[in-house]
Amino acid sequence: MDIQKNLEEVLSQLPPHVRLVAVSKFHPNEAIEAAYAAGQRIFGESREQELNLKQATLPKDIEWHFIGHLQTNKVKYIAPYIAMIDAVDSYKLLVEINRQAARCGRVIPCLLELHIAEEDTKYGFTFESCRQMLEEGKWRELENVTIHGVMGMATNTDDETEIRREFGSLRSYFNELKQTVMNGYEPFREISMGMSHDYLLAIGEGSTMVRVGSKIFGERE
Ligand SMILES: *Cc1c(COP(=O)(O)O)cnc(C)c1O
């Protein structure tokens, strides 16, 4: 696995406004160090224990994104250092992130995860429930979190039309929020979509942040 070569290839395909979260879950520190040596600073992890171990032993200027489902009782372990929580899927979780961020004297950037795939998954807001939460407006009182945008995962399929349709639906939804309930709320600007097998399609549909793992680091065990 030539991690640096893979990383350069992915980076060369990203337009200037699209950032890369290098998804390093299940890969050892050495793999992260190789990407770090090539200049990558944003890494994504999906398990709190694994992330804590890596954060403690790797360079402190790494910006760690938590990309997986986060249980409320685990927030306190990552709150001191996490750069962004990419998959906030309930108001309850947002409240707990705010509480733990306040204890650390921090403001934690978050993305709201939307359920856009055909597949059944347990996680993610529906478009309706997310809009309702935002319109209700209680989140505005949470002074230790900022909502930086939306995140979504397309159906795992080879049907490119379907993938484009799902990413397009997230982009339209983001635009609609930006013009309505999030109008004037400056941090709201990210659309995190696209993984190893579909990031080029996601960029075509307006992604601002791709989360790419196996294309850079190889298959996970
Ligand atoms: C694992 C994971 C990725 C990266 O997946 P690859 O197919 O390896 O690029 C991206 N986003 C989330 C939420 C993930 O859990």
Side-chain angles (χ1 to χ4, degrees), residues 1-14 18-28 31-32 34-35 38 40-52 54 62-71 74-75 78 82-90 93 97 109-125 130 148-160 162-164 166-167 169-171 174 190-221:
M1 245 307 119
D2 190 339
I3 290 172
Q4 303 204 351
K5 187 166 142 276
N6 297 343
L7 177 67
E8 270 156 34
E9 191 188 322
V10 172
L11 287 172
S12 74
Q13 295 171 312
L14 305 186
V18 177
R19 282 185 298 153
L20 171 66
V21 178
V23 176
S24 48
K25 64 187 187 197
F26 307 120
H27 291 285
I32 298 172
Q40 180 65 23
R41 290 294 178 272
I42 308 178
F43 292 89
E45 291 282 337
S46 60
R47 289 180 180 187
E48 159 272 318
Q49 276 193 335
E50 180 181 352
L51 172 55
N52 272 335
K54 287 175 172 173
I62 290 180
E63 294 172 41
W64 294 104
H65 283 224
F66 198 90
I67 63 168
H69 174 67
L70 181 59
Q71 291 171 279
K74 301 289 168 62
V75 175
I78 63 170
I82 200 76
M84 186 175 275
I85 297 179
D86 292 22
V88 174
D89 56 4
S90 71
L93 178 59
I97 295 168
C110 296
L111 301 177
L112 302 174
E113 179 179 6
L114 276 305
H115 180 70
I116 58 170
E118 282 294 330
E119 294 160 334
D120 265 359
T121 73
K122 284 177 285 183
Y123 305 124
F125 285 99
C130 182
H148 282 240
V150 296
M151 176 272 205
M153 276 181 281
T155 303
N156 187 5
T157 171
D158 291 331
D159 182 352
E160 297 199 351
E162 176 61 21
I163 296 173
R164 277 205 198 85
E166 291 172 7
F167 285 150
S169 75
L170 186 58
R171 195 242 351 254
F174 170 87
E190 303 287 355
I191 307 175
S192 173
M193 54 187 190
M195 307 174 25
S196 289
H197 66 282
D198 58 17
Y199 66 97
L200 293 176
L201 297 175
I203 290 167
E205 295 299 326
S207 175
T208 65
M209 198 183 269
V210 293
R211 305 175 312 273
V212 179
S214 43
K215 179 97 199 268
I216 298 169
F217 296 109
E219 291 304 322
R220 292 176 286 273
E221 305 283 292

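Below, each value reflects all heavy atoms present in this structure, side chains not excepted, and no hydrogens, waters or symmetry copies. Indexing begins at 1, ligand by ligand and atom by atom, following the structure's order.
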Any idea which protein heavy atom is nearest [atom], and the distance to it?
| atom | answer |
| --- | --- |
| atom 5 (O) of ligand 1 | Met195 CE, 3.5 Å |
| atom 14 (C) of ligand 1 | Lys25 NZ, 3.0 Å |
| atom 13 (C) of ligand 1 | Ile67 O, 3.4 Å |
| atom 6 (P) of ligand 1 | Ser196 OG, 3.5 Å |
| atom 11 (N) of ligand 1 | Arg211 NE, 2.9 Å |

Could you list which atoms of ligand 1 come closer than 4.0 Å to a heavy atom of [X]?
| X | answer |
| --- | --- |
| Met153 | 13 (C) |
| Met151 | 13 (C) |
| Val212 | 9 (O) |
| Gly213 | 4 (C), 6 (P), 8 (O), 9 (O) |

**Request:** Decide whether Glu190 and Thr208 meet the rule of one side-chain donor and one side-chain acceptor closer than 3.5 Å.
**Result:** yes
**Message:** With the threshold set at under 4.0 angstrom, would you say His197 reaches ligand 1 through any of its heavy atoms?
**Reply:** no
**Prompt:** Are any of the heavy atoms in Lys215 under 4.0 Å away from ligand 1?
**Reply:** no
**Request:** Please determine if Ser46 has a nitrogen or oxygen closer than 3.5 Å to a nitrogen or oxygen of ligand 1.
**Result:** no
**Request:** Could you walk me through whether Arg211 and Met151 pass side chain to side chain contact (heavy atoms under 4.5 Å, CB included), step by step?
**Result:** CA-CA 10 Å; Arg211 305 175 312 273; Met151 176 272 205; 3.5 Å; yes
**Request:** Return the minimal non-hydrogen interatomic distance between Gly152 and Ile116, and the atom names on each side.
**Result:** C-CD1, 4.1 Å
**Message:** Please classify the Arg47 to ligand 1 contact at 4.0 Å (heavy-atom distances, strictly less than): side chain, backbone, both or neither.
**Reply:** neither
**Message:** I need the Glu162 CD to Leu201 CG distance, nearest 0.5 Å.
**Reply:** 12.0 Å
**Request:** Enter the distance from Glu205:CD to Phe167:CZ here, rounded to the nearest 0.5 Å.
**Result:** 8.5 Å
**Item:** Test log, rule side chain to side chain contact (heavy atoms under 4.5 Å, CB included), inputs Glu45 and Ile32
**Value:** CA-CA 11 Å; Glu45 291 282 337; Ile32 298 172; 4.1 Å; yes
**Message:** Which label fits Tyr123 and His69: parallel for a plane angle under 30°, tilted from 30 to 60°, or perpendicular past 60°?
**Reply:** parallel
**Request:** Please report the C-alpha distance between Ile78 and Asn52 in whole Å, then the side-chain angles of each, then the deciding distance to 0.1 Å, and finally whether the side chain to side chain contact (heavy atoms under 4.5 Å, CB included) criterion is met.
**Result:** CA-CA 7 Å; Ile78 63 170; Asn52 272 335; 4.1 Å; yes
**Message:** Whether the side chain of Glu119 engages the backbone of Asn156 through a donor-acceptor N/O pair (distance < 3.5 Å, no angle test) should be reported.
**Reply:** yes
